[in-house]
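Below: the structure, in C-alpha cells.
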Amino acid sequence: MKIRARFTTAVSFWEKVSTYEAGKGNTTSWTLYTEGAMCVFPCEWRGKLGYGRHGNETFDADAEGFIDHATIRMPYVPGLYDKLRTGGVVIVKGGDDGGLIDGEPDPGNPNVYEAFGGIDNIYEENQYMEFNVRRYEVNG
C-alpha cells in the first residue's frame with residue numbers, strides 16, 4: 001500500500017546509555033543516535049490537530065493531560081525502531097543543538113520530546129514507522 005507523507009521536519013534522537021563503573025556504580029549519559037553518517041532524520045510532524053490514522057490518539061493524549069504532543073511518521077530505520085520500542089530515547093525537533101544541557105535533556109526546551117504509546121511499523125512493510133511524542137518531562 002502506498003503511504004503519502006511529506007518529510008519536511010528534521011529530528012534528532014538521543015538515547016540513554018547506562019554504564020557500570022567500578023566503585024561508582026551505574027552512570028547514565030545521553031548519546032546522539034546515528035545511522036551510518038546520518039544523525040538528523042527527515043520526518044512528517046503532525047501536531048495535535050492532525051488526527052493521524054488512529055483518530056482517537058489526540059483525544060487520548062488530551063485526556064491524559066499532555067499539552068504538547070504530535071505524531072511522527074518517518075522512513076523505517078531498523079536500529080532506531082528497536083531503540084524507540086525499548087524506551088530511553090528523546091526526540092529533538094529541528095535537530096536543535098540546545099536540546100541537551102550539560103549532557104541531560106532540557107525539559108525547558110520546547111523542541112525536546114519523548115515517545116509514548118508505542119511505535120508502529122506501518123503495515124509491517126519495513127517502509128515507514130509512526131509514533132507519538134509528548135513534551136519531555138523529568139520524572140522523579
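Count residues from 1 along the sequence.
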Under 4.5 Å between any side-chain heavy atoms of [X] and [Y], yes or no?
X: Pro110; Y: Arg135; answer: yes
X: Phe13; Y: Lys83; answer: no
X: His69; Y: Asn132; answer: no
X: Leu32; Y: Ser12; answer: yes

Residue Asn26 excluded, over 12 heavy atoms near CG under 6.0 Å: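 Yes, CG of Asn26 has more than 12 neighbouring heavy atoms, counting only those of other groups under 6.0 Å.
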Pair Trp14 + Tyr136: ring centers closer than 6.0 Å: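 Aromatic pair excluded; centres sit 6.0 Å or further apart.
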Test item: Asn121 side-chain N/O and Asn126 main-chain N/O as donor-acceptor pair under 3.5 Å: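 Yes: the side chain of Asn121 pairs with the backbone of Asn126.
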Please check if [X] and [Y] belong to a single hydrophobic cluster, counting links between Ile, Leu, Val, Met, Phe, Trp and Tyr side chain heavy atoms closer than 4.5 Å.
X: Ile122; Y: Phe131; result: no
X: Tyr113; Y: Val90; result: no
X: Leu84; Y: Phe41; result: yes
X: Met38; Y: Val40; result: no

Test side chain to side chain contact (heavy atoms under 4.5 Å, CB included) applied to Leu80 and Met74, step by step: CA-CA 11 Å; Leu80 182 57; Met74 62 182 286; 3.8 Å; yes
Steps toward side chain to side chain contact (heavy atoms under 4.5 Å, CB included) verdict (Ile72, Trp45): CA-CA 5 Å; Ile72 293 179; Trp45 186 279; 3.4 Å; yes
Under-4.0 Å salt bridge between Arg73 and Glu130: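 Answer for the salt bridge query: yes.
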Ring geometry between Tyr81 and Tyr76 (parallel below 30°, tilted from 30 to 60°, perpendicular above 60°):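 The rings of Tyr76 and Tyr81 sit tilted, inter-plane angle from 30° to 60°.
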